[in-house]
Structure formats: C-alpha cells, structure tokens
*Asks:* 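Structure in structure tokens, see below.
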Amino acid sequence: TAIYMSSRGVDPVYDKEKEVMIDWDIPVLEGYDHVFLEKLPFHDDERLGFWDRANFGLSETLQNGNFDAAILHGYQYFTNIAALYACKSAGIPVFMRGENEDFFYRSFRKKAVRDVFVWGLKNLLDAALYIGKENKKFYLNHGFDEERLFHVPYCVDNERFHPRKEGQAKLRENLGIGDEEVLFVTASKHRRDRYVVDVIDAFSSLPNDLDASLVLLGDGPVRSELE
C-alpha cells in the first residue's frame, strides 16, 4: 500500500518555473492499493520547507494497515519523520530510500545540521536502500553498516519508453541526426542546480573526430542561456 502525503502528480499542477500546467497522461493510481493522508491547513505551501506537506492520521493508518515493513522516501518533510517514529512505536521495520549524497557543495552549517540528523537516523532505520554509487557512499560515510544497505535502483517501463526502430529513425531524421551518429540525451529541468551546463561542457570536450550530437530534454528558467 502506498501512503501519499499529497496529490501532487495525480492532479494537474501549475509549474511556476516552466509556466505550464503539468498533467500526467498515465493512470498513476491503478494496479495497487493507496491511501491519501489528511492534510493540515497549511499543507502544500512550498515556502514552509520542512513543514510543507504536513499531514495527520498517519499513526492510525499504519496501525490499521497490518504492514510487514515500511519504506520512507527521504526525510525532508515533517510527515517523513512522523512516519519514522510512528513505525518504531508500532514495531514496524523501517527502510529509507532517497537521493542523498555528499557530492554537491553545502555550507558548513547546512552540512553539520544534516550530519547530526543523519547520525540519529542511522540508529532508527532498519535498513537503507541506495539508488547508486554516490548514494551508497553517503550511507557508508555516515556510519551505516554495509550489511544494512541494499541496492534498489530506479525502474523504467522499457515497453513504454523504448521507441521502435521506425520511431528512432523518424526522431533522428527530424533532428537532423544521422543513423550512425552517436546520440547523447539528457532529461532534466533547466535549472542551475541541475547542472545541465556541465553536460554541455562534457560533451564539448569529446574528441573532434567523434561523430556525435547532444539533445537536451526539458525546460526551465535557464533554457535561453543553454540555447
């Protein structure tokens, strides 16, 4: 059963950066059990940071769900932490999965606060589910035993996203890219914190005799600079 803090991604939402309405064209709630938690009055106010997406009714949902274990996706919101303590109180094993890393720069203050917080998490979590090398390194750097780390990468619906050969040819033709040309694609919001310009710099450093093209998928506030 998936327990949701918010209906973001289910209902159409306005993306302020892209200045467009985003509405997924796939049934995101079909094929599994799910629950939406009750919202507090200030729910979904992004200015509140940690208090954004605050909910109530979580303990009752966990106690009545007869769960063997719970997977928390990150620790950035109040409800994530409330769920952690509710699970421990109910005797439900807790695993955490997220995109945590030590790769990007953080101020000394932010890093110190986070490190103290993660040290506390280490003693509460039953296991951590890492998505890749940097994520695993993060947990090891913060004292997690490797025996409590399990590789759970992102999944892709290959049947949906893998284009047929005729679709590939048409796409290359529309972009003016030859069949034998190496094609690099990056999909990301065009924001400074997504470091899309680093992808362009890396591509520019490739050998001149390599027949290759780079396609940037996405949109955002720095798109004009990237172009």
Side-chain angles (χ1 to χ4, degrees), residues 6 8-9 12-26 28 46 49 52 73-77 96-111 114-115 118 128-142 149-227:
S6 169
R8 293 180 188 178
V13 62
Y14 182 72
D15 190 310
K16 296 179 181 179
E17 292 180 340
K18 296 181 180 180
E19 298 183 344
V20 296
M21 289 295 296
I22 296 179
D23 186 7
W24 296 105
D25 61 349
I26 57 176
V28 296
E46 295 183 357
D52 179 22
H73 288 271
Y75 53 78
Q76 66 270 43
Y77 297 114
M96 181 167 285
R97 184 176 184 272
E99 298 180 341
N100 318 91
E101 39 66 37
D102 287 324
F103 186 80
F104 294 113
Y105 170 79
R106 291 174 178 82
S107 68
F108 175 81
R109 177 177 173 275
K110 285 185 176 182
K111 188 176 186 304
R114 187 201 62 174
D115 289 353
V118 173
L129 314 178
Y130 64 92
I131 62 175
K133 292 188 298 183
E134 293 298 329
N135 193 207
K136 181 180 181 180
K137 190 184 301 183
F138 167 85
Y139 289 116
L140 292 175
N141 289 345
H142 289 82
L149 302 182
F150 300 90
H151 189 205
V152 182
Y154 281 113
C155 301
V156 175
D157 185 346
N158 290 324
E159 183 65 26
R160 176 180 175 82
F161 287 101
H162 192 284
R164 301 294 182 263
K165 287 188 176 181
E166 58 271 19
Q168 292 181 10
K170 187 66 175 178
L171 178 62
R172 284 176 172 267
E173 180 183 347
N174 292 340
L175 295 174
I177 300 172
D179 293 340
E180 301 302 320
E181 193 172 344
V182 178
L183 175 60
F184 295 92
V185 180
T186 180
S188 172
K189 287 186 177 180
H190 293 171
R191 302 187 329 207
R192 297 192 188 283
D193 64 343
R194 297 304 172 93
Y195 301 94
V196 184
V197 70
D198 288 3
V199 178
I200 298 175
D201 290 340
F203 179 78
S204 300
S205 67
L206 293 174
N208 293 330
D209 58 352
L210 178 63
D211 191 13
S213 291
L214 171 64
V215 173
L216 306 181
L217 298 180
D219 205 343
V222 300
R223 174 172 177 168
S224 59
E225 297 179 29
L226 298 173
E227 292 176 337

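The residues of the chain are indexed from 1 along the displayed sequence.
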*Asks:* State whether Asp102 and Arg114 are salt-bridged, where the test is any N-O pair (Lys NZ or Arg NE/NH1/NH2 against Asp/Glu carboxylate O) under 4.0 Å.
*Replies:* yes
*Asks:* Let me see the working for Val118 and Tyr139 under side chain to side chain contact (heavy atoms under 4.5 Å, CB included), right down to the final yes or no.
*Replies:* CA-CA 9 Å; Val118 173; Tyr139 289 116; 5.8 Å; no
*Asks:* To the closest 0.5 Å, what do you measure between OG (Ser213) and CG (Leu183)?
*Replies:* 6.5 Å
*Asks:* State whether the side chain of Arg172 and the backbone N or O of Glu180 hold a donor-acceptor pair below 3.5 Å, judged by distance alone.
*Replies:* no
*Asks:* Looking at Val196 and His190, what are the two nearest heavy atoms and their distance?
*Replies:* CG2-CD2, 4.3 Å
*Asks:* So, the side chain of Glu227 versus the backbone of Ser224: is there a donor-acceptor pair under 3.5 Å, distance only?
*Replies:* no
*Asks:* How close do Ser205 and Ala202 get, heavy atom to heavy atom, and via which atoms?
*Replies:* OG-O, 2.6 Å
*Asks:* Could you go through the ring pair (Phe, Tyr, Trp, His ring centres under 6.0 Å) check for Phe104 and Tyr195 one step at a time?
*Replies:* CA-CA 11 Å; Phe104 294 113; Tyr195 301 94; 5.0 Å; yes
*Asks:* Nearest 0.5 angstrom please: Tyr130 OH to Leu149 CG, how far?
*Replies:* 7.0 Å
*Asks:* For side chain to side chain contact (heavy atoms under 4.5 Å, CB included), just list the numbers for Val215 and Leu217, CA-CA rounded to whole Å, side-chain angles, deciding distance to a tenth of an Å, and then say yes or no.
*Replies:* CA-CA 6 Å; Val215 173; Leu217 298 180; 4.0 Å; yes
*Asks:* Salt-bridge test for Glu101 and Lys136: reply yes if a basic N is under 4.0 Å from a carboxylate O, no otherwise.
*Replies:* no
*Asks:* Could you give the distance from CG (Asp211) to CG (Asn208), rounded to the nearest 0.5 Å?
*Replies:* 12.0 Å
*Asks:* More than 12 heavy atoms of other residues, nucleotides or ligands under 6.0 Å from CZ of Arg106: is that the case?
*Replies:* yes
*Asks:* May I ask you to decide if the ring planes of Phe203 and Phe184 are parallel, tilted or perpendicular, using 30° and 60° as cut-offs?
*Replies:* perpendicular
*Asks:* Could you tell me the separation between the CG atom of Asn100 and the NZ atom of Lys137, rounded to the nearest 0.5 Å?
*Replies:* 14.5 Å
*Asks:* Measure the spacing between CE of Met96 and OH of Tyr75 and express it to the nearest 0.5 Å.
*Replies:* 8.0 Å
*Asks:* Look only at the side chain of Arg97 and the backbone of Val152, and say whether a donor-acceptor pair between them is shorter than 3.5 Å.
*Replies:* yes
*Asks:* Taking atom CD as the centre, does Glu99 end up with more than 12 heavy-atom neighbours from other residues, nucleotides or ligands that are less than 6.0 angstrom away?
*Replies:* no
*Asks:* Hey, is CZ on Phe108 packed in by over 12 heavy atoms from elsewhere, all under 6.0 Å?
*Replies:* no
*Asks:* Looking at Arg223 and Gly218, what are the two nearest heavy atoms and their distance?
*Replies:* NH1-O, 4.2 Å
*Asks:* Which pair of heavy atoms, one from Ile200 and one from Leu216, lies closest together, and at what distance?
*Replies:* CD1-CD1, 3.9 Å
*Asks:* I need the Asp219 CG to Ser188 OG distance, nearest 0.5 Å.
*Replies:* 11.0 Å
